[in-house]
Amino acid sequence: MQEEMKNKHHTSLTIIFLMVNLVCIQPMKRRDILNTLLNTTEYDPRIAPDFERNEATRVHVQLSVISIDSINEVSMDYTLNAILRQTWIDPRLNFSHLSNISMLELDHRRMSDVWLPDTFFRNEKTATLHAITVPNKLLHITNDGRVRYSIRVSLTLSCTMDLRFFPMDDQICSILAESYGYSIDNVHLMWEPKNSFIIQTTDDEYSLPQFYQHKPVETLKYSIVNPSNVEFSGLQAKLYLRRNLGYYMSQVFIPSILIVTLSWISFWIHVDAVPARVSLGVICVLTMTTQSAGVRNFLPRVSYIKAIDVWMAFGLLFVFAALLEYAYVNVQTRKHHKQVKKSEKKDKNGETNDKEICPEYFMERARRVDRISRIVFPVSYILFNIVFWSAYLSK
Ligand SMILES: *[C@@H]1O[C@H](CO)[C@@H](O)[C@H](O)[C@H]1NC(C)=O
Ligand SMILES: *[C@@H]1O[C@H](CO)[C@@H](O)[C@H](O)[C@H]1NC(C)=O
Ligand SMILES: *[C@@H]1O[C@H](CO)[C@@H](O)[C@H](O)[C@H]1NC(C)=O
């Protein structure tokens with residue numbers, strides 16, 4: 001009797017063993033693995049992976065910048081097209097016991113069934129997630145429960161700029177990524193140890209017309225405490241940008257140097273050529289004013305004085321001084337003509353004018369002022385240039 005029982009027991013065990021073997025030999029389909037893993041009675045995507053444990057889920061972040069488009073001084077922001085990659089381990093999605101498949105790829109419609117971190121960009125003004133032809137998202141689950149999530153975004157990020165040295169300025173623009181709802185006890189953001197910030201380029205220089213990078217990107221970690229004393233984890237990437245002077249050289253500096261030089265031509269024109277010298281001076285002043293108005297158009301209304309303001313103000317001053325010089329010269333020539341007329345009258349009346357000043361005196365003075373100006377104006381403008389460029393370029 002006992003023997004029979006033992007035998008029966010043995011056979012049933014063998015059957016179970018065979019059945020288990022049968023199941024194991026038939027490899028599980030990927031679809032079944034996914035359905036088993038993401039079965040809502042087992043897996044809740046609304047709960048963070050390490051919610052039940054006193055441990056934070058470490059989310060590794062990597063940013064791949066595709067392009068940095070426009071840096072806008074007026075609105076103090078810049079636009080960036082990037083791929084945000086986040087990697088973390090969700091132990092509930094470990095399927096190494098189910099199959100020897102190394103990785104599962106999810107469709108974007110299935111991604112809502114997986115827990116995702118709530119990363120946001122603190123200095124974002126506007127952002128768009130690209131959805132052509134389908135949302136530009138990727139989600140991979142590896143068999144050890146590692147989740148790789150990547151999205152393509154276009155971000156307009158604020159960047160407070162100090163324009164004191166404009167256009168010889170350097171700017172630091174940041175990207176601030178932070179966890180919005182999960183405190184540092186639940187979600188801990190960290191940069192990927194390797195290649196945390198990549199600037200993907202097709203060319204050697206990435207498409208950034210006005211700036212170049214004078215220092216490599218710096219990646220930092222920070223934590224921020226909100227008013228109710230909850231600490232959040234955040235990441236910062238600092239872009240060190242230096243403005244390309246080329247545009248401002250050709251559009252601002254060289255034209256204004258030419259206008260100032262043009263105003264000196266007046267010193268070589270005859271003192272009696274009133275229309276020529278006055279119109280030259282006035283045209284130079286007007287052009288200078290128009291140019292500085294044009295420069296102000298693409299700059300914000302900041303309260304401090306920018307380098308370009310200093311440049312423009314001195315340019316205007318030089319041009320204006322050249323016009324004033326002619327006013328003085330003109331007064332002298334008029335005095336001269338008056339004298340000449342007077343002496344002619346006296347000559348007619350037969351009087352001698354030995355007591356009077358020589359009529360040539362005022363003319364000589366006018367000519368001397370012109371001769372001195374021919375040297376003083378260029379020399380002082382060159383001196384101003386030396387001081388200006390050495391002060392601003394050596395900041
Ligand atoms: C989810 O799991 C429960 C119990 O483990 C099971 O009864 C149910 O059939 C599963 N659902 C799916 C869709 O696999
Ligand atoms: C997974 O296991 C099956 C059999 O169980 C085998 O045929 C297949 O080569 C294995 N695949 C890998 C990637 O090891
Ligand atoms: C995944 O599960 C296997 C076996 O169940 C275990 O050995 C491994 O450590 C797990 N991986 C992780 C990352 O938890």
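In what follows, every heavy atom counts, from backbone to side chain, and hydrogens, waters and symmetry copies are set aside. Remember, it's 1-based here, ligands and their atoms both numbered in the order they're listed.
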(message) Show me which atoms of ligand 3 lie under 4.0 Å from any heavy atom of S96.
(response) 1 (C), 2 (O), 3 (C), 4 (C)
(message) Show me which atoms of ligand 3 lie under 4.0 Å from any heavy atom of D144.
(response)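 Close to D144: 11 (N), 12 (C), 13 (C).
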(request) Say whether P91 and ligand 3 are in contact under the criterion: heavy-atom distance to a ligand atom below 4.0 Å. (result)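 No, P91 has no heavy atom closer than 4.0 Å to ligand 3.
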(request) Would you please test R148 and T87 for side-chain hydrogen bond (donor to acceptor under 3.5 Å, both in side chains) and show each step? (result) CA-CA 5 Å; R148 278 204 202 94; T87 312; 4.8 Å; no
(message) I'd like the residue list for ligand 1, meaning every protein residue with a non-hydrogen atom under 4.0 Å from the ligand.
(response)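 Ligand 1 is contacted, at a heavy-atom distance under 4.0 Å, by N39, T41, E42.
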(request) Could you check R152, H108, H130 and say which one makes a side-chain hydrogen bond (donor to acceptor under 3.5 Å, both in side chains) with N136? (result) R152
(message) Could you work out, with ring pair (Phe, Tyr, Trp, His ring centres under 6.0 Å) as the rule, every residue matching W389, not counting sequence neighbours?
(response)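 Result, ring pair (Phe, Tyr, Trp, His ring centres under 6.0 Å) vs W389: F253, W311.
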(request) State, without any angle test, whether Y78 and Q171 hold a side-chain donor-acceptor pair at a distance under 3.5 Å. (result) no
(request) Return yes if a side-chain donor-acceptor contact under 3.5 Å exists between Y43 and D90, otherwise no. (result) yes
(request) Compute the shortest N/O to N/O distance between N94 and ligand 3 and return yes if it is under 3.5 Å, no if not. (result) yes
(request) Before signing off on this row, confirm whether H97 and ligand 3 have an N or O atom pair separated by under 3.5 Å. (result)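 No, since none of the N or O atoms of H97 sits under 3.5 Å from an N or O of ligand 3.
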(message) Please determine whether ring-ring contact (aromatic ring centres under 6.0 Å, His included) holds for the pair F377 and Y381, giving the CA-CA distance in whole Å, both sets of side-chain angles, and the decisive distance to 0.1 Å.
(response) CA-CA 6 Å; F377 273 73; Y381 193 60; 9.7 Å; no
(request) Decide yes or no for I101 and N143: does some side-chain heavy atom of the first lie under 4.5 Å from some side-chain heavy atom of the second? (result)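 I101 does not reach N143 side chain to side chain.
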(message) As a quick check of understanding, evaluate ring-ring contact (aromatic ring centres under 6.0 Å, His included) for F166 and Y248, giving each step before the final call.
(response) CA-CA 10 Å; F166 182 89; Y248 295 93; 5.2 Å; yes
